[in-house]
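See below for the structure under consideration.
To find a chain, count down the sequence lines: A is the first, B the second, and so on, and within it residues start at 1. Since this is a predicted model, take the numbers as computed values, not measurements.
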4 protein chains.
Amino acid sequence: MRASKKDDGVDARTRILDAAETLFAERGYDASSTARIARLAHVPKGLVFHYFPQKIDVLVALVDERTFIEELPEDAVEALPGDPAGTLSRLARRFPLRASPAMRRILFREAATHTSVGERLGRLNSEVFRRARRALELALPGARGDQARLEVAAATFAAVLIYQENLSQLTGQAVDPDAVADLIARALGGT
Amino acid sequence: MRASKKDDGVDARTRILDAAETLFAERGYDASSTARIARLAHVPKGLVFHYFPQKIDVLVALVDERTFIEELPEDAVEALPGDPAGTLSRLARRFPLRASPAMRRILFREAATHTSVGERLGRLNSEVFRRARRALELALPGARGDQARLEVAAATFAAVLIYQENLSQLTGQAVDPDAVADLIARALGGT
Amino acid sequence: MRASKKDDGVDARTRILDAAETLFAERGYDASSTARIARLAHVPKGLVFHYFPQKIDVLVALVDERTFIEELPEDAVEALPGDPAGTLSRLARRFPLRASPAMRRILFREAATHTSVGERLGRLNSEVFRRARRALELALPGARGDQARLEVAAATFAAVLIYQENLSQLTGQAVDPDAVADLIARALGGT
Amino acid sequence: MRASKKDDGVDARTRILDAAETLFAERGYDASSTARIARLAHVPKGLVFHYFPQKIDVLVALVDERTFIEELPEDAVEALPGDPAGTLSRLARRFPLRASPAMRRILFREAATHTSVGERLGRLNSEVFRRARRALELALPGARGDQARLEVAAATFAAVLIYQENLSQLTGQAVDPDAVADLIARALGGT
DNA sequence: CATGAATGAGTATTCATTCAT
DNA sequence: TATGAATGAATACTCATTCAT
């Protein structure tokens with residue numbers, strides 16, 4: 001059995017990552033000491049370094065293991081030709097970025113200063129963008145509107161999708177993906 | 001003369017803020033030590049604390065003094081009735097948020113962890129949103145499209161405007177405000 | 001073995017307390033830097049904070065662990081009825097306050113500025129006073145002299161006992177507890 | 001006129017000493033920064049060093065100028081032969097040590113660590129002792145009790161007199177000089 | 001595997017003191 | 001005589017990391 005220790009039957013490594021996720025999201029990577037992570041995880045200080053030789057490895061593991069895009073088949077969104085708004089909405093709901101709100105905060109905050117995080121965020125964004133574009137292409141078979149416009153639409157939608165939570169946390173103003181999906185669909189003349 | 005000292009004829013306080021802006025943007029607030037700021041500013045360590053009793057005061061001063069919305073008259077954007085795309089584009093160009101790229105990075109990065117920064121970002125975002133909405137109202141006198149849609153359009157445009165630089169830095173994908181302006185105008189039926 | 005390290009086979013925590021006791025007594029708490037304590041204790045600076053998270057905790061530990069009144073049975077002083085002078089002298093010799101001269105200096109010097117030290121000193125003084133009073137009561141069974149006078153006598157004796165060393169250090173004038181015991185005995189008519 | 005400045009018509013030097021007296025008594029010499037003294041005195045930081053080239057000079061001036069023994073004639077206490085208790089009580093009331101409670105705290109606290117303060121305290125104590133002895137000699141003309149006992153009595157009384165305030169502040173137990181005077185008189189057989 | 005004592009470089013901050021004005 | 005910017009050494013405290021057990 002993995003869980004040979006206390007604390008919810010969750011093994012030490014997982015508890016360390018849980019604690020780090022919480023703290024990194026709350027106060028940032030730099031402001032979260034390994035000692036505090038260990039304390040929150042209910043593990044001795046030394047054990048953190050047993051699993052993660054360097055502090056940065058905790059962040060890397062977090063990003064590696066806790067943010068990813070599900071491997072859906074290309075057409076999984078069931079794009080409905082003629083219904084770009086619905087298609088985008090469905091994409092938003094089946095949202096391919098699996099990451100807790102905490103992980104998103106970490107992703108955005110540390111992206112600028114830690115290249116590995118930045119790269120991951122770039123890849124996630126590209127993937128969401130690619131899917132949005134593909135979904136729009138399928139939903140608008142007649143290719144009404146040129147390709148450039150479609151790309152702008154996909155980029156805008158991807159930005160809103162990925163950033164929405166951050167946006168509302170930081171600015172206090174919520175943006176509803178469905179409403180944006182509708183807006184974009186109108187722009188592309190899909191209604 | 002104010003600037004009786006070395007270094008570009010700029011006084012010490014300003015040099016400290018300059019250095020802090022650079023470093024905070026590059027590596028984040030926590031990772032920028034006051035000693036490094038002082039070194040980059042060519043001032044002795046102690047002087048930083050003469051002007052800013054606490055390190056956080058440097059960040060606060062930066063946000064207070066180096067990010068603001070110009071007090072333009074409400075109609076300064078010269079909204080052209082019937083031309084929402086052009087109106088938004090002009091708004092983007094006369095962009096009311098005066099903040100260096102560095103200050104924007106600082107704003108987003110520290111917003112989540114330092115309330116004063118978060119508040120400022122929230123206020124800036126509201127202001128940009130308000131202006132975008134107002135511009136759209138003027139550009140679409142017939143009020144085609146309901147108010148809700150107009151708000152979504154304004155919020156989306158504000159998000160793109162404020163985040164654009166961050167977005168491209170973080171995701172590696174540039175979003176052109178003009179293209180988004182055009183997209184939004186189409187959605188509102190303004191073309 | 002506890003003491004697996006260098007320096008007299010005494011463990012690091014004890015060496016830190018020893019060093020602090022010496023320095024606090026010599027130059028006062030404020031004037032004794034943690035760095036100097038560490039140096040004198042032959043431990044790295046960081047270790048001081050491993051055992052004592054704050055500098056003040058060193059002082060508190062010192063007072064907690066190195067000043068106390070032995071738990072003697074109430075009648076341990078073997079008061080001799082009719083011999084108050086001898087009784088007080090014996091009390092002075094079996095003095096119940098176990099504290100090095102250094103600890104006493106620390107106690108008096110920091111009492112005014114650190115409440116925890118002040119409280120401890122207050123408690124120690126009360127205890128010595130209580131014992132002196134009890135000893136006098138036992139030595140003067142006929143209760144010659146009223147209770148008020150007896151209390152003054154006990155308080156005076158306690159003050160001399162507790163302060164004696166400090167008094168002679170500070171004023172250069174020694175006060176002999178035995179002589180004071182004799183004086184007090186005469187005042188109470190015990191001879 | 002001395003008082004050319006604000007603040008109660010008291011000149012800057014006096015205000016600095018007042019502030020220092022307050023702060024040194026409250027928190028000790030080391031813990032009172034010159035900047036804080038200046039602030040409390042409502043003078044600019046630089047002015048402190050104008051009057052007192054070094055910080056220690058403030059303490060020295062305080063002790064020099066604010067603790068002294070009045071130059072009373074030797075027999076000023078009007079010793080009443082046959083009434084040692086009354087004589088000591090009168091001595092206590094005409095107490096020759098002129099020093100505010102604050103100055104006494106400073107005197108005792110810094111005596112151990114600053115030789116000049118220590119010396120002053122030693123001299124003050126000697127003087128009080130000398131006067132107490134002289135008063136007792138005059139009050140007990142028959143020289144009842146030997147000289148040694150008389151000295152112990154004088155020393156005890158001097159200690160109580162000088163320390164009384166400190167004692168009660170530190171230990172929470174008040175000692176009444178009059179009661180001690182009575183006690184000592186009884187010991188010397190003066191009643 | 002697990003643990004916590006040990007290490008020392010680094011951090012924010014304080015402070016007495018100087019000095020040009 | 002008055003002033004506050006300037007200086008840099010010193011201070012309490014933090015922290016990632018190592019390692020003997």
- So what does K45(A) touch, heavy atoms closer than 4.0 Å: a base, only the sugar-phosphate, or nothing? base
- Task: Scan Y51(A) against the nucleic acid and name what it touches under 4.0 Å (heavy atoms): base, sugar-phosphate only, or nothing.
- Result: sugar-phosphate
- Query: Starting at the 5' end of DNA chain F and moving along, which residue's nearest nucleotide shows up first, P44(D) or S32(A)?
  - Reply: P44(D)
- Please tell me which of A35(C) and V48(B) maps to the more 5' nucleotide of DNA chain F, matching each residue to the nucleotide holding its nearest heavy atom. V48(B)
- dA5(E) P sits how many Å from R15(C) CZ, rounded? 15 Å
- Item | Euclidean distance, atom CZ of residue F49(B) to atom P of dG8(F) [Å, nearest integer] | 16 Å
Taking only N and O in the side chain of [X], is any of them less than 4.0 Å away from OP1 or OP2 of [N]?
X      : N       : answer
Q54(A) : dA16(F) : no
T34(A) : dA16(F) : yes
H50(B) : dA5(F)  : yes

- Query: Hey, does the side chain of Y29(B) reach the backbone of I56(B) with a donor-acceptor pair shorter than 3.5 angstrom?
  - Reply: yes
- Positive for side-chain hydrogen bond (donor to acceptor under 3.5 Å, both in side chains) with T113(A), one of R109(B), E26(B), R27(B): R109(B)
- Would D30(D) and K55(D) pass as an ion pair if we require N to O under 4.0 Å? no
- Lys/Arg N to Asp/Glu carboxylate O, E65(D) vs R13(D), below 4.0 Å: yes
